[in-house]
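Presented below is the structure to which this report refers.
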Amino acid sequence: MAAAGPSVFLLMVNGQVESAQFPEYDDLYCKYCFVYGQDWAPTAGLEEGISQITSKSQDVRQALVWNFPIDVTFKSTNPYGWPQIVLSVYGPDVFGNDVVRGYGAVHVPFSPGRHKRTIPMFVPESTSKLQKFTSWFMGRRPEYTDPKVVAQGEGREVTRVRSQGFVTLLFNVVTKDMRKLGYDTGPPDTQGVLGPSPPPGLPR
């Protein structure tokens with residue numbers, strides 16, 4: 001009697017929230033969480049985390065380096081609701097209050113291997129000058145009660161936002177049994193961790 005095929009596939013993600021560029025700010029920390037569809041469930045690792053506070057590097061780049069690890073495994077029966085990682089960056093204002101310095105989100109890469117993503121960040125804006133002044137004076141900046149709203153489309157079009165900074169992430173993605181369930185995410189030899197890329201100009 002033939003063995004039954006797999007009914008779920010696995011998506012294994014590790015890597016790190018590597019660094020950020022926020023020219024106007026210093027002493028920032030980062031929170032991350034994953035947003036995914038109803039058919040997805042985490043089976044190992046952490047779906048959310050909070051980094052250490054970091055200061056700008058003293059070189060020309062003035063990068064904020066966290067190198068904060070990500071490690072999570074999901075199982076699912078279909079790709080709908082593919083996981084996204086939502087980032088929120090916080091730091092002190094002139095009064096010493098922790099305020100949000102940026103939100104951003106990106107899908108976990110679909111193809112296995114090593115990936116680097118730079119996410120443009122944004123912050124919600126007050127809708128009037130009076131609200132802007134009041135929020136600055138009270139030390140209460142506009143922010144989302146639930147950062148996961150960043151990964152959803154509903155209601156986002158009525159939010160006024162301003163671009164602010166970038167965060168760079170590194171992903172190592174491994175999938176298991178996707179091909180057996182009929183989903184093609186790349187050539188057969190990339191269904192695992194990729195080795196280092198060849199130097200430019202050499203055949204792959």
Side-chain angles (χ1 to χ4, degrees), residues 13-36 45-72 82-109 114-173:
V13 185
N14 65 42
Q16 58 189 18
V17 181
E18 188 182 61
S19 62
Q21 295 281 348
F22 283 86
E24 300 172 38
Y25 304 112
D26 203 355
D27 299 327
L28 304 183
Y29 64 93
C30 178
K31 293 180 182 178
Y32 77 83
C33 63
F34 284 93
V35 177
Y36 43 86
L46 297 171
E47 327 176 37
E48 53 186 43
I50 181 167
S51 77
Q52 75 279 14
I53 295 172
T54 188
S55 300
K56 283 181 182 171
S57 59
Q58 299 302 307
D59 59 8
V60 181
R61 294 186 313 136
Q62 293 199 312
L64 293 143
V65 179
W66 289 301
N67 289 336
F68 186 64
I70 302 167
D71 190 0
V72 66
W82 192 272
Q84 297 181 66
I85 186 167
V86 175
L87 299 171
S88 315
V89 175
Y90 294 87
D93 65 5
V94 291
F95 302 111
N97 301 307
D98 264 8
V99 294
V100 68
R101 293 304 186 195
Y103 292 107
V106 69
H107 279 93
V108 171
R114 187 175 177 84
H115 305 267
K116 193 171 196 170
R117 295 283 186 270
T118 299
I119 306 172
M121 306 294 280
F122 65 88
V123 286
E125 282 274 74
S126 300
T127 52
S128 72
K129 283 187 168 63
L130 177 62
Q131 281 182 321
K132 201 173 283 189
F133 174 75
T134 308
S135 64
W136 175 83
F137 187 73
M138 303 291 288
R140 297 287 303 166
R141 304 296 170 89
E143 61 179 275
Y144 298 118
T145 50
D146 182 2
K148 292 184 178 181
V149 73
V150 174
Q152 294 153 6
E154 307 86 45
R156 281 282 307 283
E157 69 279 357
V158 298
T159 308
R160 181 180 291 185
V161 299
R162 172 167 50 91
S163 296
Q164 187 165 278
F166 295 89
V167 174
T168 301
L169 292 109
L170 284 175
F171 292 103
N172 295 302
V173 177

Hey, could you give me the OH/OG distance between Y103 and S88, rounded to the nearest 0.5 Å?
5.5 Å
Once you round to the nearest 0.5 Å, how far does CD1 of I70 lie from CG of L170?
8.5 Å
Atom OH of Y29 with >12 non-hydrogen neighbours under 6.0 angstrom:
yes
Between F171 and R117, is there a side-chain heavy-atom distance shorter than 4.5 Å?
yes
Gap separating the CG atom of D93 from the CG atom of D98, nearest 0.5 angstrom:
8.5 Å
Worked verdict on L64 versus D26 for side-chain contact (heavy atoms from CB on, under 4.5 Å):
CA-CA 8 Å; L64 293 143; D26 203 355; 3.8 Å; yes
Validation: residues 15-24 side-chain donor-acceptor distances under 3.5 Å, sequence neighbours left out:
residue, atom, partner, partner atom, Å
Q16, NE2, N67, OD1, 3.3

Taking the side chain as every heavy atom from C-beta outward, state whether W66 and L28 have any atom pair closer than 4.5 Å.
yes
Rounded to the nearest 0.5 Å, what separates atom NE2 in H107 from atom CH2 in W82?
9.5 Å
R101 side chain reached by Q164 side chain, heavy atoms, under 4.5 Å
yes
At their closest point, which heavy atom of V86 faces which heavy atom of A151, and how far apart are they?
CG2-CB, 3.7 Å
Considering only heavy atoms from C-beta outward, does the side chain of Y32 approach that of V89 to under 4.5 Å?
no
Q52 CD: over 12 foreign heavy atoms closer than 6.0 Å:
yes
Mind checking whether L169 and I85 have side chains closer than 4.5 Å, heavy atoms only?
yes
Side chain K56, main chain D27, donor-acceptor under 3.5 Å
no
Could you walk me through whether L46 and E48 pass side-chain contact (heavy atoms from CB on, under 4.5 Å), step by step?
CA-CA 6 Å; L46 297 171; E48 53 186 43; over 6 Å; no
R61/D59 salt bridge by N-O under 4.0 Å criterion:
yes
Can you check whether V99 reaches Y90 side chain to side chain, under 4.5 Å on heavy atoms?
no
Atom pair SG/CG of C33 and D146 - distance to nearest 0.5 Å
7.0 Å
V150 and A105 have their tightest heavy-atom pair at CG1-CB, 3.9 Å
Taken to the nearest 0.5 Å, the spacing of L87 CG from C30 SG works out to 4.5 Å
